[in-house]
Amino acid sequence: MGNLANQAIIVTGGAAGIGGALTTVLVQRGAAVVAVDVNEAAGKRKEQDHSERVVFLKGDVSQESVAKQAVGLAVSRFGKLTGLVNNAHASTQKPLMALTQEDWALSFGTGFNATLYFMKAAYPELAKSGGSIVNFGSGAGLRGLILQASYAAAKEAIRGLSRVAANEWAKDKIRVNVICPMAHTEGVEQWKINHPEQYKESASQIPLNHFGDPETDIAPVVAFLLSDDSRYMTGQTLMADGGSIMLR
Ligand SMILES: NC(=O)c1ccc[n+]([C@@H]2O[C@H](COP(=O)([O-])OP(=O)(O)OC[C@H]3O[C@@H](n4cnc5c(N)ncnc54)[C@H](O)[C@@H]3O)[C@@H](O)[C@H]2O)c1
């Protein structure tokens with residue numbers, strides 16, 4: 001299940017948090033990974049842990065040149081690109097009226113623009129292999145969680161883009177799906193400290209009764225979407241959130 005042998009996959013934000021867990025699990029399942037992140041120390045550690053099959057690229061995903069560099073690196077180091085995971089996303093939490101131009105630019109730059117840049121840069125290589133793209137949405141977007149306007153809007157824009165690409169690129173056998181995770185990471189720990197009430201409310205609404213573990217609860221779902229096991233799925237949003245939101 002979720003066998004990724006012979007795959008070469010880009011993971012944005014692949015040094016820490018869910019992305020760090022993804023790098024580890026995708027390698028365990030046989031893939032080679034280009035991990036793109038601004039966190040150099042954590043990225044270098046990932047590279048050392050799995051020397052043959054992880055390449056770390058230090059870069060800000062909101063720069064289009066970084067997307068092109070990452071695809072070039074996958075091809076030069078591993079000879080191909082078969083998968084792309086757009087996981088990195090930075091944002092601020094404030095009331096809608098308090099959000100500044102910089103706040104909007106941060107969320108749309110690192111979330112929406114980055115996803116678009118990496119998809120466009122990866123397209124020619126993915127079209128050769130009939131690859132898989134996994135983009136990251138959020139329950140905050142689906143629910144319209146307060147204080148999350150710039151984040152929620154960028155996440156829903158990513159879902160819209162993903163559905164169009166799933167339709168347009170189906171002819172190239174490129175599949176595009178979205179995962180909405182819920183997992184305990186440093187980002188969530190920070191959110192818990194800054195907005196304890198919001199955190200408590202979200203935690204109390206998880207039917208499976210715990211925040212997910214990045215390696216055991218989230219990464220296997222992403223591995224499934226990247227593997228041939230999901231070859232008949234595209235344009236879908238998968239909730240890996242303990243049942244918090246049940247789509248119908
Ligand atoms: N953790 C959750 O419960 C949760 C819930 C809903 C959605 N998500 C989504 O899942 C994804 C991962 O979340 P997380 O909790 O692991 O986040 P995180 O903040 O813990 O980690 C994100 C990683 O991305 C990197 N990063 C941040 N900005 C970057 C940039 N400009 N360029 C390159 N790298 C950058 C960070 O250094 C870090 O390694 C995000 O898209 C997030 O919105 C997470």
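Numbers here are sequence positions counted from 1. Nothing here was measured: the structure is a model prediction, and the numbers come from that model. As a basis for the values below, the full set of heavy atoms in this structure was taken, side chains included, without hydrogen atoms, waters or symmetry mates. Just so you know, ligand 1 is whichever comes first in the structure, and atom 1 is the first atom listed for that ligand.
- The distance from ligand 1 to the heavy atoms of Gly13 drops below 4.0 Å at these ligand atoms: 23 (C), 24 (O), 25 (C), 39 (O).
- The shell of residues lying under 4.0 angstrom from ligand 1, judged by heavy atoms, excludes Pro214.
- A donor-acceptor pair under 3.5 Å links the side-chain atoms of Arg53 to the main chain of Val27, judged by distance alone.
- Note: His184 and Tyr199 have perpendicular aromatic rings, judged against thresholds of 30 and 60 degrees for the angle between ring planes.
- Listed by first and then second residue, the salt bridge (Lys or Arg N to Asp or Glu O under 4.0 Å) pairs involving residues 67-80 amount to none (not counting sequence neighbours).
- Looking at Lys155 against ligand 1, only its side chain comes within 4.0 Å, counting heavy atoms.
- Looking only at protein heavy atoms, the nearest one to atom 31 (N) of ligand 1 is Asp60 OD1, 2.9 Å.
- Between the CG atom of Leu84 and the CD atom of Glu125 there is a distance of 12.5 Å, given to the nearest 0.5 Å.
- Remark: minimum distance from atom 33 (C) of ligand 1 to any protein heavy atom is reached at Gly59 O, 3.3 Å.
- Scanning all protein heavy atoms for the shortest distance to atom 22 (C) of ligand 1 gives Ala16 O, 4.6 Å.
- Distance CD1/Ile10 to OG1/Thr12: 9.0 Å, rounded to 0.5 Å.
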| request: Evaluate the criterion side chain to side chain contact (heavy atoms under 4.5 Å, CB included) for residue pair Leu226 and Ile9; output intermediate values, then yes/no. | output: CA-CA 9 Å; Leu226 290 165; Ile9 299 164; 3.8 Å; yes
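- Of the possible polar contacts, none joining the Ser107 side chain to the Trp104 backbone as a donor-acceptor pair under 3.5 Å is found.
- At a heavy-atom cutoff of 4.0 Å, ligand 1 is contacted by the side chain of Val188 but not by its backbone.
- Under the 4.0 angstrom criterion, atom 17 (O) of ligand 1 counts as lacking any protein heavy-atom contact.
- Summarising the local packing, CG of Asn194 is surrounded by more than 12 heavy atoms from other residues, nucleotides or ligands at distances under 6.0 Å.
- Under a 4.0 Å criterion applied to the non-hydrogen atoms of Gly137, ligand 1 contributes the atoms 7 (C).
- Distance check: Asn87 CG to Asp37 CG gives 8.5 Å after rounding to the nearest 0.5 Å.
- Protein heavy atom nearest atom 14 (P) of ligand 1, with residue, atom name and distance: Thr185 OG1, 3.8 Å.
- Between Val36 and ligand 1, not a single N/O pair is under 3.5 Å apart.
- Ligand 1 is approached by Ala183 to a heavy-atom distance shorter than 4.0 Å.
- Shown in contact with Met182 at under 4.0 Å from a heavy atom are these atoms of ligand 1, numbered in order with element: 3 (O).
- For ligand 1, the atoms sitting less than 4.0 Å from at least one non-hydrogen atom of Ser138 are 6 (C), 7 (C), numbered in the order shown with element in parentheses.
- Using a distance-only test at 3.5 Å, with no hydrogens or angles considered, no donor-acceptor pair links the side chain of Thr92 to the main chain of Asp103.
- Contact annotation: for Thr110 versus ligand 1, heavy atoms closer than 4.0 Å belong to the side chain alone.
- In this structure, Lys120 places its NZ atom where only 12 or fewer heavy-atom neighbours from other residues, nucleotides or ligands lie under 6.0 Å away.
- Nearest to atom 41 (O) of ligand 1 among the protein's heavy atoms is Asn87 O, 2.6 Å.
- The closest approach between a heavy atom of Gly20 and any atom of ligand 1 is not below 4.0 Å.
- Considering backbone and side-chain N/O atoms, Asp37 comes within less than 3.5 Å of an N/O atom of ligand 1.
- Rounding to the nearest 0.5 Å gives a distance of 9.0 Å between CD of Glu168 and OH of Tyr123.
- Backbone and side-chain nitrogen or oxygen atoms of Ser62 are examined, and none is located within less than 3.5 angstrom of a nitrogen or oxygen of ligand 1.
- Given atom 29 (C) of ligand 1, the protein heavy atom at minimum distance is Val38 CG2, 3.9 Å.
- Residues in residues 3-49 take part in no ring-ring contact (aromatic ring centres under 6.0 Å, His included) pair, two or more places apart or across chains.
- Short contacts between ligand 1 and Tyr151, defined as distances under 4.0 Å to a heavy atom of the residue, involve ligand atoms 6 (C), 7 (C), 8 (N), 9 (C), 42 (C), 43 (O).
- When hydrogens are left out, the protein atom nearest atom 4 (C) of ligand 1 is Pro181 O, 3.8 Å; that is the closest non-hydrogen contact.
- In terms of protein heavy atoms, atom 13 (O) of ligand 1 is closest to Ile18 CD1, 4.0 Å.
- Of all atoms in ligand 1, listed by their number and element, those nearer than 4.0 Å to a heavy atom of Gly187 are 20 (O).
- Atom 36 (C) of ligand 1 is approached by the protein to below 4.0 angstrom, counting heavy atoms only.
- The CE atom of Met119 sits 4.5 Å away from the CG atom of Leu161 when rounded to the nearest 0.5 Å.
- Note that CG of Asp228 and OG of Ser132 are 9.5 Å apart. Values are rounded to the nearest 0.5 Å.
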